[in-house]
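As structure tokens, the structure follows; a few thoughts come after it.
Note that this is a predicted model, so its numbers are computed, not measured. In listed order, ligands and their atoms are each counted from 1.
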Amino acid sequence: MAVLWLDDVDADDLETVGGKAASLGELTGAGLPVPPGFTVTAETYRTFIEEAGIDEELFAAVDVDPEDSDALRAAEERASELILGTDLPEPVREEIVESYRQLGDDDEEAFVAVRSSATAEDLPDASFAGQQETYLNVREEKLLQRVKECWASLFTQRAIYYRQQQGFPHDEVDIAVVVQRMVDAEKSGVMFTSHPSTGDPQVTIEAAWGLGEAVVSGSVSPDNYVYDRAANAVADVTVADKKTMMEKDSETGETVEREVPEDRRTERVLSDAEIESLVELGERVEDHYGQPQDVEWAIVGGEVFMLQSRPITTISESASETGTEDADPAEDADTEAGDHAGEPAGVNGDDDEDVLVQGLGSSPGVVSGTVRIVTKLDHLDQVQEGDILVTEMTMPDMVPAMKRAAGIVTDEGGMTSHAAIISRELGVPAVVGTRTGTKQLENGQRVTIDGDKGTIRAGADSEAEPAEEFEPVEAARPQTPVKPMTATEVKVNVSIPEAAERAAATGADGVGLLRIEHMVLTLGKTPERYIADHGARAYQDQLIEGIRTVAEEFYPRPVRVRTIDAPTDEFRDLEGGDDEPREHNPMLGWRGIRRSLDKPDVFQQELTAFNRIYEMGYDNVELMFPLVNDAADLAAAKRQMREAGIDPDGRRWGVMIETPASALRIEELAAAGIDFASFGTNDLTQYTLAVDRNNEHVAERFDETHPAVLELIGRTIETCRELGIDTSICGQAGSKTEMVNFLVEEGVSSISANIDAVRDVQHEVKRKEQRILLDSVR
Ligand code: PEP
Ligand code: MG
């Protein structure tokens, strides 16, 4: 049998049908109204390649040097040729098509979603082991092709690279495919079956007209309904002005955005009866899993469907893990990890005698583990799953070891150092800038690190995450937030594409900063060397792959991608780094747009990669230039854009405000045609106060809320508002309560925060906006 109906699978069938199908089957089995569908089993894929006799050639073709990008590209191509070019056996074709026909009506073909459902759940990062293709609005004509394309997605360059690097055999990963009828929703939205922070029996529902994409992407303000399960009554209704909705175009099947007719904009989406049916479903799914759920739902023709359900990790649970009392900044504005940035090492720690070493808490969470001191790269393999990695300063090559680690401690670096940024994105607790960690801690010693307080204590803490069971990325997957609607957009910063999924799960309104230099640093070679060794096209491909992962995850939410900004000392550790100039002050040196403009050959490859991304249809990508000073920089940058085929008037692009010069010259930058200006407060602070952002000796003087910094920001926002230019912040300070309040007061358009801070920032923005409104009424 090539297919299994969702009715016939459940959570135990992971091996046969993959994770996605197993969870849909589990819901179906619990009697919940999941749209009907079936899965083409993993075994069908396996039998297909084996019986066609392409398996050996396939696995041989993808067994390539992962560092050789030409070979990787050729491997992807060959795998796809083999799979797509081989006919499905007749009985399999028939069974799939027959099953598909049962999803339609007599007179109408069904539109279905075709999604990969990989079975390699035992891979540490299964989420990107396969590219997890999804095709929407598929009909019979394309169905079999799409199924094979899902199979082929097991062998994208990225997936091959990843498995080769991890030493995971290609022939041990299988893939199932889910084919499920699409619901042409008249209304849809999300529901939290209990209050996500207190666990109280209070249901929150967000609802909008049309397809759910509008609510999930944040492109429309949904209605908000609160239902009190204890009192069995609707407790609160907030009706929003819903200007747009997503609908399926009946001709093409594509999802299109339409205007909501005037008379329906402020009409309530859900009646009390509909709320009650949703609540009833919510209670059933919560009972089934024994845990509050975050549910995606849709209603069509009076029928309610459940599209997806995921557990909500409640705030209080995560708060006790991380040592914070309550994640709501309203109650305790000082609990954010980010707020320790400006405090000197030693001030905010425990007085505890057990404190061995103190630094800056730079990635929240408390964890116990065994110290593993790494002084040279060749010791990296000694870092085992669950160890505490202790090092002078992290390097890009350390990322795989950082992923294995339960916690990270560094001697050097500040809150915006490589170690701090990456550990936050991986969700691994970290303490940076301890000065003496590598000297005072000993290999094999058991310690507990607190990434909020910045302490390393002796011994294991019973309240800490047990290190043995700690899976950094998965375990730290953030709670699905009840996203408060705010006029100021709240976005998220991303530096490594692997973090895209966690970042998107925060419900952020987009990515405010994607730093692409981290992708280059991970290549292990300077851009110049990479191009010399592998060719310009391969370099573009690498950038495209990383950017696309993020753009895809967030689509259609906007993603601001910044051109490369790495100081020469970071490039020096890479292959080709010997050719980097030796600079006394790399922070004041050849970095950002200065380097790009001086090296047009390399810059052209980067911009061409952007242009190729646009051509692929990722119109949500916005281009941002770092370390710009004045209009002369932008005139040169625009010439380069045009040369790479990008029309500056046809795309959204903008600048970072990172130097006092750029803040003071904002009018001329505006005249150059920017669409947005984003405050890079890490650099703006360092250049305004002359305090090195990465120097732990002056960490206490690094104050992003210094009046001089705030004055530059305030003036820039004011001018931009007059000129109709969007403003944003994407420096570390965007995660801090004080800065958030200041920026909302000044009228910033958006705030981009670290993954772990998005939820707090959403709430803080909402509170501040409400306060401003109230004040204006009073
Ligand atoms: C900044 O300077 O604030 C910024 C976001 O850029 P980076 O930290 O990459 O220099
Ligand atoms: Mg910067």
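For E658, the N, O or S atom with the smallest separation from the Mg ion (ligand 2) is OE2. As for D683, its N/O/S atom nearest the Mg ion (ligand 2) is the one called OD2.
Within ligand 1, counting atoms from 1 as listed, the ones closer than 4.0 Å to a heavy atom of R515 are 4 (C), 5 (C), 6 (O), 7 (P), 8 (O), 9 (O). Near D683, meaning under 4.0 Å from one of its heavy atoms, ligand 1 places the atoms 1 (C), 2 (O), 3 (O), 10 (O). Under a 4.0 Å criterion applied to the non-hydrogen atoms of L513, ligand 1 contributes the atoms 5 (C). Of all atoms in ligand 1, numbered sequentially from 1 with element shown, those under 4.0 Å from a heavy atom of C730 are 5 (C). In the vicinity of T681, heavy-atom distances shorter than 4.0 Å reach the ligand 1 atoms 3 (O).
Using a 4.0 Å cut-off between charged nitrogen and carboxylate oxygen, R767 and E764 count as a salt-bridge pair. Checked for salt-bridge contact, K491 and D509 miss the test: no charged N lies under 4.0 Å from a carboxylate O. With respect to the salt-bridge test (charged N to carboxylate O, under 4.0 angstrom), the residues R595 and E580 qualify. A salt bridge is defined here as a Lys NZ or Arg NE, NH1 or NH2 lying under 4.0 Å from an Asp or Glu carboxylate O, and D683 with R693 meets this definition.
Looking at I421 against ligand 1, nothing comes within 4.0 Å, counting heavy atoms.
Here the side chains of W590 and P581 are in contact, with some heavy-atom distance below 4.5 Å.
Contact between R591 and ligand 1 is present, with at least one heavy atom of the residue lying under 4.0 Å from the ligand.
Of the candidates Q732, Q686, R693, the one placing a heavy atom closest to atom 8 (O) of ligand 1 is R693.
With hydrogens left out, the protein atom closest to atom 6 (O) of ligand 1 is R562 NH1, 2.8 Å, a heavy atom.
Side-chain polar atoms of E583 and T568 form a donor-acceptor pair below 3.5 angstrom. At a cut-off of 3.5 Å, with distance as the only test, no side-chain donor of T455 or D450 sits close to an acceptor on the other residue.
Residues satisfying the side chain to side chain contact (heavy atoms under 4.5 Å, CB included) criterion with A401, sequence neighbours excluded, are L380, V383, L389, R404.
Inclusion of M656 in the set of residues having an N or O under 3.5 Å from an N or O of ligand 1 is not warranted.
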